[in-house]
2 protein chains.
Amino acid sequence: MKSQDNNHKVTSLQDIAKKLGVSVTLVSLVLNGKAKQSRISDKIAEKVLLMAKELNYRPNQLARGLRTGKTNTIAFIMADISNIFFARMARVVEDEAEKYGYKVMFGSSDENPVKLERMLNMFLERKVEGFIISPTLGSLKLIRQLKEKNIPFVLIDRFFRNLDTNYVVVDNFDASYKAVSHLTKFGYKKIGTLSIFPELTQMNDRLNGYKDALSDAGIRFENKYVGKVDFENFRESVYENVRKLLMPPYNIRALYFQTCIMGIVGLECIREMKFRVPLDVAVVSFDDPAEYKLFETPVTAIKQPIDEIGLKAVNILVDELKSKSSGLQKVVLPTRFMVRRSCGNLRYG
Amino acid sequence: MKSQDNNHKVTSLQDIAKKLGVSVTLVSLVLNGKAKQSRISDKIAEKVLLMAKELNYRPNQLARGLRTGKTNTIAFIMADISNIFFARMARVVEDEAEKYGYKVMFGSSDENPVKLERMLNMFLERKVEGFIISPTLGSLKLIRQLKEKNIPFVLIDRFFRNLDTNYVVVDNFDASYKAVSHLTKFGYKKIGTLSIFPELTQMNDRLNGYKDALSDAGIRFENKYVGKVDFENFRESVYENVRKLLMPPYNIRALYFQTCIMGIVGLECIREMKFRVPLDVAVVSFDDPAEYKLFETPVTAIKQPIDEIGLKAVNILVDELKSKSSGLQKVVLPTRFMVRRSCGNLRYG
DNA sequence: ATTTTAAACTAAATCGATTAAATTACTCTG
DNA sequence: CAGAGTAATTTAATCGATTTAGTTTAAAAT
């Protein structure tokens with residue numbers, strides 16, 4: 001005998017109503033806790049509750065959402081969920097949103113505005129109520145439209161200077177300035193850096209922090225010391241740039257990685273080149289993944305408050321969804337500079 | 001003037017129908033590409049398409065799902081999306097599912113069957129069509145129920161020996177056996193290991209692989225050399241176990257970490273204890289995170305085919321959803337043993 | 001001229017909830 | 001005892017799609 005589709009039909013309000021010989025309305029009211037205010041007799045209310053349990057009733061959220069216009073769902077669109085920074089944040093967002101009764105749907109845009117648009121639309125079709133977004137390059141128009149449609153959203157990690165929105169970011173300029181100043185205080189004069197997507201606000205801020213730190217240390221900025229990494233061809237590009245900076249004619253002996261994904265690959269390259277950290281190259285990096293503590297020479301790094309970013313983003317969004325919001329919220333969180341040993345052991349004033 | 005709610009009402013089929021003076025049915029048929037088979041005149045069909053584009057029509061997927069019973073959505077419940085293993089797999093699953101037109105919803109169970117049940121129910125209320133699940137300890141009953149309800153699902157990472165289901169796992173026994181044999185071939189007689197959740201099938205297999213490798217090398221298994229890590233108190237527990245094994249009276253000089261999350265913390269502990277790898281301790285580990293390549297002494301490790309697991313899981317699930325499936329599929333994928341330098345440089349037979 | 005047939009389109013039911021408004025059956029009040 | 005008031009419940013509309021079963025009109029066949 002083959003497996004007939006034991007179609008264990010899912011229980012609906014109707015099923016309960018029929019079994020008890022009452023109306024669907026009554027059942028709905030009871031199960032939504034409105035028995036008292038609708039003056040439904042305790043006897044019947046109890047029966048309904050019992051039957052619902054017995055039949056293992058679970059509301060169909062599609063139907064409910066269609067009727068009420070509320071899905072209790074938000075979407076989190078990030079660059080790439082397999083990136084540890086976002087993965088960690090995804091987890092925080094998931095947990096925090098749950099506290100307020102929201103389910104989160106995730107999506108990866110791959111820094112591609114076309115994908116981002118597809119995702120936005122797909123999520124809108126599914127009636128999510130709000131978004132947390134790390135906007136890609138070239139997505140200004142999309143985000144502006146979202147705003148015009150009055151759809152609640154919070155930007156994270158990046159934002160647009162010329163668009164008034166909620167956002168939660170870190171103080172990239174400040175962090176970058178401190179990191180590079182750390183190197184200048186060690187006496188390094190030639191400081192190279194690896195950059196990627198310099199058009200993104202946060203990456204631009206990081207570059208400016210680098211420039212200002214140099215300038216304040218009386219060092220002339222040299223464009224050729226800025227390695228521009230190609231996202232499409234990531235790994236090779238990092239290798240190429242690190243090699244170029246460390247080898248003649250540049251012979252750079254201090255490197256600032258503007259993201260950890262570049263840093264991790266870059267350090268691999270440094271290792272392969274048989275350069276020692278910090279003896280042959282001093283290194284600082286934006287972001288502070290678990291890796292950095294484990295290196296032979298633990299890496300001095302800028303730690304972003306990932307959890308706080310996630311928490312804050314959810315809080316702002318939920319405020320707006322429950323219309324407790326009092327205008328747009330712009331949050332700039334501080335970073336922590338984790339001094340380890342990758343720049344040497346010198347102590348400075 | 002304050003922001004009045006410019007309620008940019010979303011376009012529905014009705015809106016299009018009214019504008020054109022035709023029926024909703026007709027609009028629906030055209031937009032679903034059934035114009036030809038429903039003998040709708042080209043002229044009107046074209047008008048509909050145009051108007052839909054003009055009004056930027058997007059189908060309400062709640063309504064569609066309610067009516068058709070299809071949501072084109074699957075759920076992926078893992079232990080923890082901030083764990084790099086699952087984060088990476090989440091990404092693969094997201095991309096692969098999209099190829100078949102499915103959207104994925106993610107959830108973290110924290111190895112907690114109560115949470116897992118809540119999630120299952122929540123996803124079922126939202127009418128996901130199938131699941132990919134890494135089942136927690138104590139979830140046999142839940143999974144059995146899922147099976148009885150004829151809801152399509154694929155287990156990953158772990159499965160139940162006494163429950164017939166789809167699954168995609170790796171050959172844990174074999175991988176473990178090879179890793180430990182690697183150590184015995186280096187001449188180590190006392191080999192410690194860190195274990196966690198030994199009741200989970202895959203962890204049990206790893207333990208058995210360890211035992212058999214010892215036995216085949218003529219080494220007696222000592223239960224006291226198996227450190228049992230406590231999940232609740234993770235970090236401290238790893239430290240405590242590593243210390244116990246490396247210090248007198250055990251003085252163990254070879255360690256096998258049964259997961260990378262233990263390995264990473266364990267190596268941190270080893271570093272703090274000023275033990276050198278592999279001079280003072282040889283190390284092998286299950287899992288192969290990016291970290292391991294970057295260590296001062298790159299770690300010899302068992303690399304799981306994360307992408308393949310994700311791909312295969314999606315394929316099996318989609319097969320079943322499109323009812324192309326021919327019975328349950330049980331897939332055991334091979335691992336790759338990445339020999340690096342954490343056991344020393346000796347070359348053996 | 002009448003019946004068939006085909007083409008082009010529509011009415012209405014349905015999915016499973018929520019909710020405003022209505023109904024029924026009492027009990028009270030003056 | 002008519003009319004008001006209230007408690008307990010139901011009717012029916014609605015959300016936005018899909019889909020079955022028609023309907024209408026005109027052309028083709030008899």
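Within every chain, numbering begins at 1; the chains are lettered A, B, ... in the order of the sequence lines, protein sequences first and strands thereafter.
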Please write out each protein N/O paired with an N/O of nucleotides 19-23 of chain C under 3.5 Å, distance rounded to 0.1 Å.
residue : atom : partner : partner atom : Å
C:dT19  : OP2  : A:Lys34 : NZ           : 2.9
C:dT19  : O4   : A:Thr25 : OG1          : 2.8

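Spacing between atom CG of A:Leu62 and atom P of C:dT18 amounts to 13 Å, rounded to whole angstrom units. Summarising the geometry, the separation between OH on A:Tyr57 and P on C:dT18 is reported as 6 Å, rounded to the nearest angstrom. Note: CG (B:Leu13) to C1' (C:dA11) measures 16 Å, nearest angstrom. The interatomic distance linking B:Gln37 (CD) with C:dC9 (P) rounds to 15 Å, in whole Å. Following rounding to the nearest Å, A:Asn72 (CG) and C:dA17 (P) show an atom-to-atom distance of 16 Å. When the C1' atom of C:dC15 is taken as reference, atom CD of B:Gln61 falls 15 Å away, rounded to whole Å. Between B:Asn60 atom CG and D:dT14 atom P the separation is 17 Å, expressed in whole Å. Whole-Å rounding puts the B:Lys36 NZ to C:dA6 P distance at 19 Å.
In summary, B:Lys141 and B:Glu117 do not engage in a salt bridge, as defined by a charged side-chain N under 4.0 Å from a carboxylate O. Between B:Glu98 and A:Arg118 there is a salt bridge, with a side-chain nitrogen of the basic residue lying less than 4.0 Å from a carboxylate oxygen of the acidic one. Salt bridge absent: B:Asp95 and B:Lys99 never bring a charged side-chain N and a carboxylate O closer than 4.0 Å. Using a cutoff of 4.0 Å between basic side-chain nitrogens and carboxylate oxygens, A:Lys36 and A:Asp42 are scored as salt-bridged.
In terms of the side-chain hydrogen bond (donor to acceptor under 3.5 Å, both in side chains) criterion, B:Thr165 has no residue partners (sequence neighbours excluded).
Residues of residues 39-56 of chain B having a heavy atom closer than 4.0 Å to DNA chain D: none are found.
Mapping B:Ser23 and B:Leu66 onto DNA chain C by nearest heavy atom places B:Ser23 at the nucleotide closer to the 5' end.
Note on ring orientation: taking the six-membered ring where Trp is involved, the planes of A:Phe159 and A:Tyr167 are parallel (angle under 30°, cut-offs 30° and 60°).
The closest side-chain heavy-atom distance from A:Ile306 to A:Val92 is not below 4.5 Å. Using a 4.5 Å heavy-atom threshold, the side chains of B:Gln202 and B:Val169 count as separate.
The C1' atoms of five pairs define one axis at each end of the helix from C:dA1-D:dT30 to C:dG30-D:dC1, and these two axes lie 80° apart (to 10°).
A distance of 11.5 Å separates CZ in B:Phe153 from CD1 in B:Ile77, rounded to the nearest 0.5 Å.
When the nucleotides D:dA17, D:dT9, C:dT18 are ranked by their closest atom to the side chain of B:Arg64, D:dA17 comes out on top.
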Can you give the donor-acceptor pairs under 3.5 Å from side chains of residues 126-138 of chain A to other protein atoms, not counting sequence neighbours?
residue  : atom : partner : partner atom : Å
A:Arg126 : NH2  : B:Thr71 : O            : 2.9
A:Arg126 : NH2  : B:Asn72 : O            : 3.2
A:Arg126 : NH2  : B:Thr73 : OG1          : 2.7
A:Glu129 : OE1  : A:Lys70 : NZ           : 3.0
A:Glu129 : OE2  : A:Thr71 : N            : 2.6
A:Glu129 : OE2  : A:Asn72 : N            : 2.5
A:Ser134 : OG   : A:Ala79 : N            : 3.3

Taking only distance into account, with no hydrogens and no angle test, what donor-acceptor pairs under 3.5 Å do side-chain atoms of residues 16-34 of chain B form with protein atoms, sequence neighbours excluded?
residue : atom : partner : partner atom : Å
B:Ser23 : OG   : B:Leu26 : N            : 3.2
B:Ser28 : OG   : B:Asn32 : ND2          : 3.4
B:Asn32 : ND2  : B:Ser28 : O            : 3.0

